[in-house]
Amino acid sequence: MKKILQDLLSSVLPADSVNTILLPVTLATIALMAFLAYMFCHSVVSVVVKAVTRRTASDWDDDILNDRFLKAFSQLAPALLVAYLLPGTFDQESDMYVWLTKLTSFYIVWAFVHLANRLLQNLYDAFEKRPRYKIHTLRGVFQILKLLFVCVGVIIGISILFDKSPTAILTAFGASAAVLMLVFKDTILGLVAGVQLTANDMLKKGDWIIVPKSGANGEVIDVSLTTIKVRNWDNSVTTVPPYSLVSESFQNFKPMQESGGRRVMRPIYIDINTIGFCSPEQIARLLENGWIEEADIKGAEHTVNIELLRRYLERYLASSPHVRTDMIYMVRQQEPTAHGLPLELYFFISNTEWKQFEHIQSAVFNHVYAVVKEFGLSMYQSPAGTDLKALK
């Protein structure tokens, strides 16, 4: 190309002037051709590619080959053209050729890294748009791949600028590994923890988790390489380092939601002074009202009211349409306390959604509180001010 420009300039200018302006004209021509190459890719190739993707049945190509990816591809074309023109334009022994070659090669490496990262970002965005893949922890994986591409690009770029082999650059980095580990400690720990969380399927976006040490209690809204964001139930956001979830314990309620049964484990406290044997009149009344069955008193010389209550409550749980009878359910006595005898109800509710769960649980215990007195029992309650006033 240099010979062609020299001949064109010689036909209209004196020889001395040609030698003076040949270099600037050559550089300007190369720059113009690079700009035209970019405009051709941006205005022609990109338009053709978008027209083809719109006609396809799949949406994946529309998400991946979008405007940002095509722009990154267009930025690579000028550098490839310049790299092709340089050997035939300049003397390969000249300093100008050496520096232009280095800068062009460095730009090509940067453009390839930018193009690869844009491709990864488009793939991640495409996965996020589809509910089938949205539940998986993919952001950390794509961030790891981006980091690897950037590291490889930095090593190759430095080797180009300083005329060193990539092996020598890696050796230099190895010598300063202690400093690098100190600077990138959180990134390295997050990288390892992210791989563990993903490989062991410990955490996904949308999971309900509790991290006692960090005070996080809510839904996971973002999982990245260095942070995990949890939107708490008060709408505040807590950020948790990924490695803390690997080194410390945390509670994930996703398996509970998938099982279809949410546990209730709550005691009621019975006043021990009201526990006693049932009289024949009491038993007759309980039978008449349907609170007990004949089997509850058959063969028993003395019948204790709290035992009748315990059996009734188990039958009540078994008959409730909201209680999972295929999961364990029971009513059990616990060790007496200063507040009375704990009678614990242990069962699983079939609706795991928080609001509905609380409503069903309240309805169950409303019935329990109301039925206790039918068995001649009363619940323990600490004396209130009105109680003390009545005693006076």
Side-chain angles (χ1 to χ4, degrees), residues 30-86 100-161 166 184 187 190-191 194-195 198 204-206 221-229 242:
I30 293 176
L32 178 61
M33 294 180 67
F35 176 74
L36 292 175
Y38 170 76
M39 293 304 298
F40 175 78
C41 290
H42 185 66
S43 304
V44 179
V45 176
S46 298
V47 173
V48 173
V49 171
K50 285 191 288 185
V52 172
T53 57
R54 282 196 296 266
R55 293 177 179 272
T56 59
S58 175
D59 293 333
W60 283 90
D61 52 357
D62 297 274
D63 294 331
I64 296 174
L65 303 177
N66 60 9
D67 291 335
R68 292 176 296 180
F69 177 82
L70 294 174
K71 183 178 180 180
F73 175 78
S74 300
Q75 292 171 346
L76 180 61
L80 296 177
L81 178 63
V82 171
Y84 173 76
L85 294 175
L86 284 178
L100 286 176
T101 302
K102 285 184 177 182
L103 293 176
T104 303
S105 300
F106 184 82
Y107 179 85
I108 290 174
V109 172
W110 173 84
F112 267 115
V113 172
H114 179 60
L115 184 64
N117 284 342
R118 177 51 56 194
L119 175 63
L120 291 173
Q121 184 62 44
N122 289 349
L123 279 172
Y124 172 73
D125 293 339
F127 280 119
E128 283 291 291
K129 288 173 60 177
R130 291 158 174 82
R132 178 182 177 184
Y133 304 101
K134 192 174 181 179
I135 59 174
H136 298 287
T137 312
L138 297 175
R139 185 172 182 180
V141 175
F142 280 95
Q143 286 182 326
I144 292 171
L145 294 176
K146 284 184 180 181
L147 183 61
L148 290 176
F149 276 114
V150 171
C151 291
V152 172
V154 168
I155 293 172
I156 296 176
I158 294 176
S159 67
I160 291 172
L161 292 178
F184 298 104
T187 303
L191 172 64
V195 172
T198 303
K204 297 187 185 73
K205 190 174 179 180
I221 60 174
D222 188 32
V223 180
S224 65
L225 189 61
T226 55
T227 58
I228 293 174
K229 293 182 180 179

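The two residues Gln75 and Tyr107 come nearest to each other via the heavy atoms O-OH, 2.9 Å. When all heavy atoms of Ala77 and Cys41 are compared, the closest pair comes out as CB-SG, 3.4 Å. Val150 approaches Asn117 most closely through the heavy-atom pair CG2-ND2, 3.6 Å. When all heavy atoms are compared, the tightest approach of Phe73 to Leu115 is N-CD1, 3.7 Å.
By the 4.0 Å N-to-carboxylate-O rule, Asp125 lies close enough to Arg68 to be salt-bridged with it.
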Between side-chain atoms of residues 151-160 and protein atoms elsewhere (two or more places apart, or another chain), which donor-acceptor pairs fall under 3.5 Å?
unit_1, atom_1, unit_2, atom_2, d
Ser159, OG, Ile155, O, 3.4
Ser159, OG, Ile156, O, 2.5

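Distance check: Leu76 CG to Leu81 CG gives 11.5 Å after rounding to the nearest 0.5 Å. From Gln121, atom CD reaches atom CG of Leu119 across 10.5 Å, with rounding to the nearest 0.5 Å. Rounded to the nearest 0.5 Å, atoms NE2 (His114) and NZ (Lys71) are 8.0 Å apart.
Applying the side-chain hydrogen bond (donor to acceptor under 3.5 Å, both in side chains) test to Lys102 and every residue at least two apart in sequence or in another chain returns Asp163.
Other residues, nucleotides and ligands place no more than 12 heavy atoms under 6.0 Å from the CZ atom of Phe112. Atom NZ of Lys146 has more than 12 heavy atoms from other residues, nucleotides or ligands within 6.0 Å.
The shortest distance between side-chain heavy atoms of Asp222 and Ile228 does not fall below 4.5 Å. At a threshold of 4.5 Å between non-hydrogen side-chain atoms, the residues Thr104 and Thr101 do not count as touching.
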